[in-house]
Protein chains: 2
Amino acid sequence: MDHKKEILNHMLVVLFNQILSIEEKVLKQGPYKDLTMSELHVIEAIGIGDKHPMSYIAQKLDVTVGTLTIAINTLVRKGYVSRNRGTEDKRVVEIALTDKGHAAFEHHKTFHEEMIGYTMSILDEAESDVLIKTLTKITKYFDEKYAQTKFEKIGDEDEN
Amino acid sequence: MDHKKEILNHMLVVLFNQILSIEEKVLKQGPYKDLTMSELHVIEAIGIGDKHPMSYIAQKLDVTVGTLTIAINTLVRKGYVSRNRGTEDKRVVEIALTDKGHAAFEHHKTFHEEMIGYTMSILDEAESDVLIKTLTKITKYFDEKYAQTKFEKIGDEDEN
DNA sequence: TTAATTACTTTGAACTTCAAAGTATTCTGA
DNA sequence: TCAGAATACTTTGAAGTTCAAAGTAATTAA
């Protein structure tokens, strides 16, 4: 039982680093290598479809609006994002992807899909079902834990 | 089938961000809040036990030695890490955790264990088995893909 | 012993992020 | 109505993270 925990922990740590590494490596080899990972992350948050205000996207990314402003500056300069003042409320800035931004989004989405494809291909039907169910359960659980911000019990004091 | 991929992708993305968020939040609430996430990462790479040269740790972290030097500077200043010239080969710098570094390491390890503990506690036997099996498979698969650095073509392989 | 190599540090530049201060616009209450 | 509050965003200054390239000191090789 404790052994299982160790394995799970190890797997998560390793997988985490692997995915981050691969994602970056693939980005820097692909047709959108002028993007950084964090810029790509912003593009993902903007997404296909409707334009959205700065504050909405900043919240989605969990960064301040000031931080997002700077990111959007460079993405506009690089041609991935359009920025326009709202017509109704002129304080608002409406952000959307340009065609080039769209293309980058789709390209990255394809990478994700292929990565998931790999994953699914090594699982049988029953396994993938359980995996989805399990991840859903964990996500929901963390969501609740996370909502209370505290995630307490942990900061009591030194072990060792 | 394609729907399942979408769900799995979404779950993985969400879980990813959740774990990163929680980890950071917990760090900033705990007794080692003077550490940044990346400093904690360095501490993890140094680990308990023997001292190691800079180059070894840099490789483990996949950063340049110059980058590591800067990180170690602040960790030494903060008292988490000891840095000593090698006696045998004086070019070498031997890095190890101080007692305080040890304590921070263990504290973080405890957090990990508790997070895994939470996770296991909401899964039944079959679920945790499949989860471990799946993660192991995925990790191994990525390891091979990753080893060839290229991550090219995507999709001329079928394991299992 | 000079030249090359190795292990690390320093430097300069780019990027990421935040908090706080600043600007423009809209809303609200007396 | 209109002055002050609130909102949406941008700018600024500072701290971190990271790399490549240049620099230093020690070791190894020819």
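Computation of the quantities below employed the complete heavy-atom set of this structure, encompassing side-chain atoms and omitting hydrogens, waters and symmetry-equivalent molecules.
- With DNA chain C read from its 5' end, the first of the two nearest nucleotides for A:E39 and B:E94 is the one closest to B:E94.
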Q.
Applying side-chain contact (heavy atoms from CB on, under 4.5 Å) to B:K109 and B:E44, what does each step give before you reach the verdict?
A. CA-CA 9 Å; B:K109 193 175 154 207; B:E44 275 187 295; over 6 Å; no
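- Listed candidates were C:dC8, D:dT11, D:dC19. Nearest to the side chain of A:T69 is D:dT11.
- Straight-line distance from the CG atom of A:L68 to the P atom of D:dT11: 13 Å, rounded to whole Å.
- In this structure, B:V93 reaches the sugar-phosphate backbone alone: every heavy-atom distance under 4.0 Å involves primed, P, OP1 or OP2 atoms, never a base.
- For the pair A:I57 CD1 and D:dT10 C1', the computed distance is 15 Å after rounding to whole Å.
- Scanning all heavy atoms of the two residues, the minimum distance from B:T98 to B:S82 falls at CG2-N, 3.8 Å.
- Rounded to an integer number of Å, the gap from A:E24 CD to D:dT17 C1' is 12 Å.
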Q. Would A:E127 and B:K137 satisfy side-chain contact (heavy atoms from CB on, under 4.5 Å), going step by step from the backbone distance to the final call?
A. CA-CA 12 Å; A:E127 284 172 335; B:K137 269 176 163 176; 3.8 Å; yes
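- Listed nucleotides D:dA8, C:dC8, C:dC18 differ in distance to A:V63; the shortest reach to its side chain belongs to C:dC18.
- Residue B:R77 contributes atom CZ, which lies 15 Å from atom P of C:dT9 at whole-angstrom precision.
- The distance from atom CG of B:L61 to atom C1' of D:dT18 is 12 Å, rounded to the nearest whole Å.
- Under 4.0 angstrom from either OP1 or OP2 of C:dT6 there lies no side-chain N or O belonging to B:S55.
- Rounded to 10°, the angle separating the first-five-pair axis and the last-five-pair axis of the helix from C:dT1-D:dA30 to C:dA30-D:dT1 equals 0°.
- Taking 4.5 Å as the limit, some side-chain heavy atom of A:D143 sits within range of a side-chain heavy atom of B:Q18.
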List, with names and distances, any nitrogen or oxygen atoms from the protein found under 3.5 Å away from nitrogen or oxygen atoms belonging to nucleotides 20-27 of chain D.
| unit_1 | atom_1 | unit_2 | atom_2 | d |
| --- | --- | --- | --- | --- |
| D:dT27 | OP1 | B:K90 | N | 3.2 |

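- Scanning all heavy atoms of the two residues, the minimum distance from A:G86 to A:E94 falls at CA-CG, 4.1 Å.
- The existence of a salt bridge linking B:K5 and A:E113 is excluded, since no basic side-chain nitrogen approaches an acidic carboxylate oxygen closer than 4.0 Å.
- Sorted by first then second residue, the salt bridge (charged side-chain N to carboxylate O under 4.0 Å, His left out) pairs that include residues 69-78 of chain B, not counting sequence neighbours, are B:E39-B:K78.
- Among the atoms of the strands shown, only primed sugar atoms or phosphate atoms (P, OP1, OP2) are found under 4.0 Å from some heavy atom of A:T36.
- In this entry the distance linking CD1 of B:I95 with C1' of C:dT9 reads 12 Å, nearest Å.
- Screening A:H102, A:H108, A:H107 for a ring pair (Phe, Tyr, Trp, His ring centres under 6.0 Å) involving A:Y32 leaves a single residue, A:H107.
- The hydrophobic cluster containing A:Y118 does not contain A:L27, counting ILVMFWY residues as joined when their side-chain heavy atoms lie under 4.5 angstrom apart, directly or transitively.
- Contacts of A:S38 with the nucleic acid, taken as non-hydrogen atoms under 4.0 Å apart, involve only primed sugar atoms and P, OP1 or OP2.
- Side-chain contact between B:L20 and A:F16 is present, with heavy atoms from C-beta onward closer than 4.5 Å.
- As rounded to whole Å, 15 Å separates atom P of D:dC19 from atom CE of A:M37.
- For A:N73 and D:dC9, the CG to C1' distance is 11 Å, given to the nearest whole Å.
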